[in-house]
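These notes concern the structure reproduced below.
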There are 2 protein chains.
Amino acid sequence: MVKLFFVRSAHIIHRMENGIANLLGAFSLAVMDRIEQGAREVVGRGGETPAALIVIGYGQGMTNDKLRRILGLSHSGTVRLVDRLVSDRLVERRAGKDGREVALHLTASGAASRNELLASRISAVTSLLDVLSSAERKQLATLIRELLARQDTSEMDRFTICRMCDDRVCTNCPLPTSKGQHAR
Amino acid sequence: MVKLFFVRSAHIIHRMENGIANLLGAFSLAVMDRIEQGAREVVGRGGETPAALIVIGYGQGMTNDKLRRILGLSHSGTVRLVDRLVSDRLVERRAGKDGREVALHLTASGAASRNELLASRISAVTSLLDVLSSAERKQLATLIRELLARQDTSEMDRFTICRMCDDRVCTNCPLPTSKGQHAR
DNA sequence: ATAAATATGTGCGTAGCGCACATATATGGT
DNA sequence: ACCATATATGTGCGCTACGCACATATTTAT
């Protein structure tokens, strides 16, 4: 009898814990739906193309291969993605220091599109967020910040997670930068 | 001098508020990356196909057209999506009550894939979530729940947000069900 | 100097999707 | 009952985004 009660109780707890995961999954889906819709409206392209534009704009001499790893695409997929950005006149291929590398640079209109992209993303999330009070938002920010800070991430993981981040507003990123391993 | 200070201060506040949005955007991206990767491994397909399998499995005589609106796809895109599910033997087209409609039903293997899909999704989110303490998770759940509860959503919006939700664990969905308007 | 590693580009195919059009069934007005 | 309109599905066709296998150029290591 006690045992039966325990088992049933464990099920309920299990359901509650998973309920949190389910809730967060639904919310994340809603957030990304809005971000992706806005991004498509701004640059007229989907998939990883908007993220690529943002990543290239960080501007530390991005190469095709670094980009590939950050976006999690195949090599050829990345080459074709850059082809699209180039044909849209948003990106230029220049000579890299290493004779093999290609240095990716935003054109003026690429930089403009990137800014629109970042603004659209912030606005999409904000529109969901502003039903909360300022205090609630602060609470939420603290929790998400902790959640991210405690993740076990490689350097490349961090770039991947931050591939759409707005470097104009992201002061002190919570992702651990010194923790462990290098992802090369 | 005072004015200058005020302006600068407003900028800083602006940056902080947007910092929350940026953080949440990055986190949502990380969550969806993991969910989508798992989904692709389970069903071998991407895009809205996994969501379609889950939605069809809710089982209230789903039709092609309802599915289309929930997934936010074009009509033909939805027909082809169902074609893929049928050719994968995960879904069957049966006669609907209305002679025009097609009633979509999961096959046994479709139902099994759907369960794997849901489990994979919960596990993906949980693996990110379990760096938080139980108290922190509860706090986070409360905030997300409030955030969702206060959104102004049409009925169709709700189905869309919940298109990957695990009906086995999602007791009392926070999304407002009686609020306003009908999306038809 | 030659082998291996690194970085890029290309041919080719496929998945996922939209537009425009065609078809079948239902509904409403006269 | 009849016909226009609305609703639901299916199809031809094209395009975007992507991966695999292969080719090429440059650098690094032995």
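Within every chain, numbering begins at 1; the chains are lettered A, B, ... in the order of the sequence lines, protein sequences first and strands thereafter. Reckoned from all heavy atoms, side chains included, excluding hydrogens, waters and symmetry mates. On a predicted model such as this, the values are computed, not experimentally measured, just so you know.
Distance B:E36 CD to D:dC18 C1': 14 Å, rounded to the nearest Å. Between the P atom of D:dG10 and the CD atom of B:E101 lies a distance of 12 Å, rounded to the nearest Å. The CG atom of B:L67 sits 13 Å away from the P atom of D:dA8 (whole-angstrom rounding).
No donor-acceptor contact under 3.5 Å links the side chain of A:S74 to the base of D:dC18. On a pure distance criterion of 3.5 Å, no polar donor-acceptor pair joins the side chain of A:H75 and the base of D:dG19.
A heavy atom closer than 4.0 Å to some atom of DNA chain D occurs in B:V79, B:R80, these being the qualifying members of residues 78-86 of chain B. Within residues 39-56 of chain A, the residues approaching DNA chain D are A:R45, A:G46, A:G47, A:E48, by heavy-atom distance under 4.0 Å.
Closest to the side chain of A:R69, out of C:dG11, C:dA7, D:dT9, is C:dA7. Comparing atom distances between the B:T63 side chain and each of C:dT8, D:dT9, C:dC17 picks out D:dT9 as nearest.
Residues that satisfy the side chain to side chain contact (heavy atoms under 4.5 Å, CB included) test with B:D166, not counting sequence neighbours, are A:N22, B:L118, B:R121, B:I122, B:R168, B:V169. For B:R68, the side chain to side chain contact (heavy atoms under 4.5 Å, CB included) partners two or more places apart in sequence, or in a different chain, are B:D65, B:H75, B:T78.
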Produce the list of close N/O pairs, under 3.5 Å, pairing protein atoms with atoms of nucleotides 27-30 of chain D; give distances to one decimal.
unit_1, atom_1, unit_2, atom_2, d
D:dT27, OP1, A:G99, N, 3.0

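Here the side chain of B:S28 pairs no donor or acceptor atom with the backbone of B:G25 at under 3.5 angstrom. One N or O on the side chain of B:Q151 and one on the backbone of A:L128 form a donor-acceptor pair closer than 3.5 Å. Judged by distance alone, the side chain of B:T107 and the main-chain N or O of B:R89 form a donor-acceptor pair under 3.5 Å. Counting only distance, with no hydrogens or angles, the side chain of B:R163 and the backbone of B:V55 share no donor-acceptor pair below 3.5 Å. In this structure, the side chain of B:T160 engages the main chain of B:I70 through a donor-acceptor pair within 3.5 Å.
Residue contacts shown for B:R68 are absent, as no nucleic acid heavy atom lies under 4.0 Å away.
The closest side-chain heavy-atom distance from B:C162 to B:C173 is below 4.5 Å. Side-chain contact between A:R84 and A:V43 is absent, with no heavy atoms from C-beta onward closer than 4.5 Å. Put simply, the side chain of A:D88 reaches to within 4.5 Å of the side chain of A:R45, judged on heavy atoms.
Sequence neighbours left out, the pairs with a member in residues 124-134 of chain A that pass side-chain hydrogen bond (donor to acceptor under 3.5 Å, both in side chains) are A:S133-A:E136.
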